[in-house]
Amino acid sequence: MFGALNVVRRALPHLRRQGAGHIINLSCIAGLAPLPGWGLYSATKFALEGWSESLAQEVASFGLKVTVVELGGLRTNFLTPEALTMARQPLPAYAHIRTAHAQLLTKNGQQIGDPDKAADAIMRVAAAAQPPLRLVLGTDAYERAQQHLHTQQQVLSAWQSVSTAIGFEE
């Protein structure tokens with residue numbers, strides 16, 4: 001998050017002066033649909049996504065575009081013990097989550113997303129006249145996003161009467 005923030009802070013004066021540009025922030029599907037045990041990671045992605053969405057509104061009048069890319073699993077070395085920091089003093093109550101993480105680590109090199117194809121997709125978005133604010137990349141990410149948004153819509157609808165009942169009675 002802070003890396004993206006610092007780069008954009010440096011780039012914005014130049015982009016505003018030229019009156020055009022496209023900021024592309026790389027996130028992860030965990031920024032939309034988190035999984036257990038990935039809370040801190042997801043929090044940083046949520047922050048990046050919220051900031052990107054606000055930034056898009058702030059810079060639109062300067063002719064600037066913003067896209068946040070929500071990546072699914074790409075066949076990289078992300079799922080290696082060297083790339084991930086695990087709890088040094090794990091709590092027994094969360095053993096089931098650690099087991100799920102350990103199983104995930106065994107899938108390194110088997111992720112379904114091709115990094116080269118992801119880069120091509122991002123380049124297509126970069127060249128688009130009307131790029132999306134959010135781009136979900138990967139069938140795994142797309143399915144998780146669909147399920148998450150469907151669940152969110154169901155909850156929103158189920159609680160509509162409570163959500164809308166807090167107005168003053170005139």
Side-chain angles (χ1 to χ4, degrees), residues 1-8 22-57 65-126 128 131-163:
M1 170 66 204
F2 292 112
L5 180 63
N6 289 332
V7 169
V8 170
H22 191 170
I23 297 163
I24 299 175
N25 287 323
L26 296 182
S27 184
C28 173
I29 191 59
L32 176 67
L35 292 173
W38 292 89
L40 293 177
Y41 178 78
S42 295
T44 64
K45 300 308 178 186
F46 270 82
L48 179 64
E49 296 201 17
W51 173 63
S52 296
E53 195 164 328
S54 181
L55 180 64
Q57 297 170 52
K65 308 287 186 205
V66 176
T67 297
V68 59
V69 179
E70 296 166 331
L71 295 166
L74 296 179
R75 200 165 291 177
T76 66
N77 286 327
F78 179 74
L79 297 178
T80 61
E82 298 79 27
L84 298 176
T85 302
M86 301 301 215
R88 291 195 175 117
Q89 296 177 340
L91 299 174
Y94 296 97
H96 64 289
I97 292 174
R98 290 195 54 87
T99 299
H101 284 174
Q103 289 173 342
L104 188 60
L105 293 177
T106 67
K107 297 184 181 191
N108 189 56
Q110 299 172 30
Q111 299 96 321
I112 62 173
D114 181 334
D116 291 330
K117 289 180 180 178
D120 289 343
I122 294 167
M123 294 303 291
R124 284 197 307 272
V125 167
L133 171 61
R134 294 175 183 274
L135 176 67
V136 176
L137 281 184
T139 55
D140 56 337
Y142 187 84
E143 290 169 6
R144 257 175 74 191
Q146 285 280 27
Q147 180 58 48
H148 180 77
L149 294 171
H150 176 72
T151 301
Q152 291 293 89
Q153 184 61 52
Q154 286 180 319
V155 170
L156 185 64
S157 295
W159 287 88
Q160 179 181 0
S161 63
V162 174
S163 297

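Sequence positions, counted from 1, serve as the residue numbers for this chain. Nothing here was measured: the structure is a model prediction, and the numbers come from that model.
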Test item: side-chain donor near acceptor, Gln146 and His150, under 3.5 Å:
no
Kindly compute the distance separating CG (Leu32) from CG (Leu149), expressed to the nearest 0.5 Å.
5.0 Å
Do you know which two heavy atoms are closest between Ala4 and Trp51, and how far apart they sit?
O-CH2, 3.9 Å
Take Ile29 and Asp140, measure what side-chain contact (heavy atoms from CB on, under 4.5 Å) needs, and give me the verdict at the end.
CA-CA 9 Å; Ile29 191 59; Asp140 56 337; over 6 Å; no
Short side-chain to backbone donor-acceptor contact, Ser157 and Gln154, under 3.5 Å
no
Could you tell me whether the side chain of Arg144 reaches within less than 4.5 Å of the side chain of Leu35, counting heavy atoms only?
yes
How about Arg75 and Asp114: do any of their side-chain heavy atoms sit closer than 4.5 Å?
no
Of all heavy-atom pairs linking Ser52 and Val66, the shortest is O-CG1, 3.6 Å
Spacing of Leu91 atom CG and Arg98 atom CZ [to the nearest 0.5 Å]:
9.5 Å
Are Lys45 and Glu70 close enough for a salt bridge, meaning some N to O gap below 4.0 Å?
no
Considering all heavy atoms of both residues, which atom of Ala30 and which atom of Phe46 are nearest to each other, and what is their separation?
O-CE1, 3.5 Å
Does the side chain of Ile24 come within less than 4.5 Å of Val69's, by heavy atoms?
yes
In the structure I gave you, are the side-chain heavy atoms of Thr67 and Ile23 within less than 4.5 Å of one another anywhere?
no
Does the side chain of Thr139 pick up a donor-acceptor pair with the side chain of Glu143 at under 3.5 Å?
no
Do you know which two heavy atoms are closest between Met1 and Ala47, and how far apart they sit?
SD-C, 3.8 Å
So Tyr94 and Pro36, do their side chains get closer than 4.5 Å, heavy atoms only?
no
Are the side chains of Asn25 and Glu49 in touch, meaning some heavy atoms are under 4.5 Å apart?
no
For a quick test of reading the model, state the closest non-hydrogen atom pair linking Pro131 to Val125 and the distance between them.
CB-O, 3.6 Å
With heavy-atom distances below 4.5 Å as the criterion, would you say the side chains of Ile122 and Leu137 are in contact?
yes
Between Ser42 and Gly31, is there a donor-acceptor pair closer than 3.5 Å when you use the side chain of the first and the backbone of the second?
no
How long is the straight-line distance from OG1 of Thr44 back to CH2 of Trp38, given to the nearest 0.5 Å?
11.0 Å
